[in-house]
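This report refers to the structure that appears directly beneath it.
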Amino acid sequence: MIKKIVILFLLISLIGLFSFRKKAETSYEILYNTNISLLVEEQEKLVQLIKSKNSIYSFSSEDVNNEIKQCRKRMKTVDFWIRYFDPINYKLINGPLPVEWETEVFEKFEKPYRREGAGFTLAQLYLNEENVNKDSLEILIQKSVIATKTYQSPEIKVNLKNPETFYFCNRLFLLNLATIYTTGFECPETENVITEMQEMLLGVKTIYEAYNESFPKTSIPASYLQLYKKTTEFVENQPKDYTKFDHFVFIRDYINPLFALNQQQIGQYGFYSKNNLDFTLDNEVKSIFDKNLFFAQNIKGEFSSIKDPGTLRQIDSLGKLLFYDPILSGNNERSCVSCHKSENFFTDNSIATALQYNGKNLLERNAPSLVNAPYNHLMMLDGKFLDLKQQGEAVITNPIEMGSTRKEVLEKVLSCPDYKNSFKKVLKKLPDHPKEVKFEHIVSALTTYFGKHSQYYSKFDNAMNKNKTLSEDEISGYNLYMGKAQCATCHFAPTFSGIKPPYIGNEFEVIGVPADKNYRSLSNDKGRFYVHPAKETLHVFRTTTLRNVEKTQPYMHNGAFDTLEEIIDFYNSGGGVGKKLNVPNQTLSSDSLKLSKKETNQIISFLKSLTEDVIFEKPPHNLPKSKRKEFNARKVGGSY
């Protein structure tokens, strides 16, 4: 009898404990769990529909496509969470590419690796091909089912109990509203881009309500909710055609102010993220178009611990002298400014690709602008290096660029008393007080100098921050850039490069760059293939910034084009494939954009609004003297 009473007591206790846990589940968690379960149901329904087809080839795809649309619609109710909680699995639910080599964590911590995509976007693209194989289609969706189920794990759902995670999810959501949700980046049926975004906005409104009910102490303020309501109303009143959507007003008047309010809450509540997705983002900036939005490169290098303005000015002065000093080259005739001329935004407008060290042959690649280079996570057009110091060393020691060595550079620089004494003074300000000047100190002075030129703003930035107005053509050009011209599917704000939210890595593309503007052949430069050999990385290059593009011609990795008109014609024609070149792995659409002459001019007007008001200093009058007389004939800026 006693044994039965004990068992009954334990059962009652377990029931009570279960009831307590059920009650402890917030409305925010319930909403998440419900929507994830509904998404899995929709996906499994789609799998069954595909299985029901009689033939593995050429079946009618209309009903399958309609069901995919339903899945996408359901996915938008959870996109807010799943993109942030696990970006790798997200790519299996709605990945835009069949194969990716970039990582969704900071590449400085993890080497890139080959990942096959899956999910709704690829399935819809596949349906448009001839001879659709139902087994292959089923695999794409089955992978997405498995990926979605991982979001039901306790390890993932623990995020729902932390109010700070909500604000970081919301930040990524807002950044994506400004960059990808209106562009067709991952929506193959562009007629549905705005409709999907409308559904997402309404779904997030429900998330906001559930969050505030569950976390009243860190609730979303009324000012945010009021502006968000106006945002949804603005989108509801916009044309459903994404090429006619007013991206400019949407971001300037709604998304950017919402971002500022969300950042304000993160600061007010003292939230701090340990998620790698937030690794580079600054919690204090109040605008997406603030140059401090995210951190990519440490321009101060070995001097990163120095905060004193006076000492930093000394380092900057050292860096400037060194930048113009050919003592860094093997023959004392070639300096950094030989290829990166300050008056040309630290590039060279006079030649397609710069001269080699021998002064006769040409380098394979164009000298890129150093302005905004610190915003790249991966350096060089093939992403070979992780930081500015590695890049600097590679250029100085490359036998066909500056032709020197670490040892030689150090010895020659220190043969100049002015350099040696200046470095010694700076080293005393470092915490470990190193007694010996290293090669790394020289490179760090260089990066400190040219890196400071990346903190300037453009007319477009000022317009987005409501400090300046744009012309009608500039605004129309931006809306074309975001819509019909499809530029924004590869060049994302605010850098207008291949760095998209949450700004933790660079994207690479194959666009089919020709050897020259006559399109006789494809450029033979293999690009990222040299770094990570694979068929997908052949002719792949880092998507560079469009800031200051008006001033940084010639364009492309080989300087193939001289004008913005030529560049837009290339994209308007569908890249290399559109120009009849053989580029089997081209990631750029080969369809014509059908841009008119007027539209081309409007896009150019917008691109010119990205020119920054950079203040470039005059070259130094002279260079430090060396104890070795043979070095004292060198010229400021070098001889060639």
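The structure displayed is predicted, hence computed values, not measured ones.
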Identify the two heavy atoms, one from P96 and one from E186, that lie closest to each other, and give their separation to 0.1 Å. CB-CB, 4.5 Å
Please verify the inter-ring angle class for F561 with Y519; under 30° counts as parallel, over 60° as perpendicular, anything in between as tilted. tilted
Using a 4.5 Å cut-off on heavy atoms from C-beta on, say whether the side chain of K205 contacts that of L225. no
Any ion pair linking D569 and K579 (charged N to carboxylate O, less than 4.0 Å)? yes
Between OH of Y90 and CE of M75, what distance do you get to the nearest 0.5 Å? 4.0 Å
Roughly how far, to the nearest 0.5 Å, is CD1 of I255 from NE2 of H247? 12.0 Å
Which heavy atom of N256 sits nearest a heavy atom of R252, and at what distance? CB-O, 4.2 Å
Is it true that K230 and D253 have a side-chain N and a carboxylate O under 4.0 angstrom from each other? no
Quick one: sort the F234 and F245 rings into parallel, tilted or perpendicular, breaks at 30° and 60°. perpendicular
Please check if the number of heavy atoms outside K526 that lie under 6.0 Å from its NZ is greater than 12. no
Which of parallel (below 30°), tilted (30 to 60°) and perpendicular (above 60°) describes Y224 and Y228? parallel
Quick one: pull up OH in Y571 and CD in Q486 and give me the separation to the nearest 0.5 Å. 12.0 Å
Non-hydrogen atoms of G512 and V583 that approach each other most closely: CA-CG2, 3.9 Å
Note, F279 side chain near P502 side chain (heavy atom, < 4.5 Å): no
Using a strict cut-off of less than 4.0 Å between a Lys/Arg side-chain nitrogen and an Asp/Glu carboxylate oxygen, indicate whether R72 and E196 qualify as a salt bridge. yes
Pairwise side-chain contact, L607 with F460, heavy-atom cut-off 4.5 Å (strictly under): no
Under the side chain to side chain donor-acceptor pair (under 3.5 Å) criterion, do E25 and N33 qualify, and how do the steps go? CA-CA 10 Å; E25 192 173 68; N33 293 331; 3.1 Å; yes
Assess the side chains of Q43 and S144: does a donor N or O sit below 3.5 Å from an acceptor N or O? yes
Is it true that R74 and D79 have a side-chain N and a carboxylate O under 4.0 angstrom from each other? no
Any side-chain heavy-atom pair of F166 and N159 under 4.5 Å: no
If you measure from the Lys or Arg side-chain nitrogens to the Asp or Glu carboxylate oxygens, is any gap between E536 and R114 under 4.0 Å? yes
Please determine which of Y211, Y84, F173 meets the ring pair (Phe, Tyr, Trp, His ring centres under 6.0 Å) test together with Y167. Y211
So, is the end of the R528 side chain (NZ or CZ) under 6.0 Å from the ring centre of Y530 and within 45° of the ring's axis? no
Is it true that S523 and H557 share a donor-acceptor pair across their side chains at a distance under 3.5 Å? yes
Heavy atoms, side chains only, cut-off 4.5 Å: are I499 and F492 in contact? no
Please determine whether a side-chain nitrogen of the Lys or Arg among R542 and E509 lies less than 4.0 Å from a carboxylate oxygen of the Asp or Glu. no
Is any NZ, NE, NH1 or NH2 atom of the basic residue among E507 and K500 found under 4.0 Å from an Asp or Glu carboxylate oxygen of the other? yes
Are the aromatic rings of F529 and H539 close, with centres under 6.0 Å apart? no
Might you confirm whether atom NZ of K598 has over 12 heavy atoms from other residues, nucleotides or ligands at distances under 6.0 Å? no
Close side-chain approach of K51 to E138, heavy-atom, < 4.5 Å: yes
Closest heavy-atom contact between N506 and L378? OD1-N, 2.9 Å
Do K143 and I146 have side-chain heavy atoms sitting under 4.5 Å apart? no
Which atom of H532 lies closest to which atom of P112, heavy atoms considered: NE2-CG, 3.2 Å
Value for OG1 (T77) from OH (Y32), rounded to nearest 0.5 Å, stands at 11.0 Å
Any side-chain heavy atom of Y555 within less than 4.5 Å of one from L564? yes
What's the shortest heavy-atom distance between F80 and I207, and which atoms? CB-CD1, 3.7 Å
Once you round to the nearest 0.5 Å, how far does NZ of K149 lie from CG of L39? 11.5 Å
Donor-acceptor pair between Y208 and N170 side chains, under 3.5 angstrom: yes
Nearest 0.5 Å, what's the OH-OG1 distance between Y481 and T489? 9.0 Å
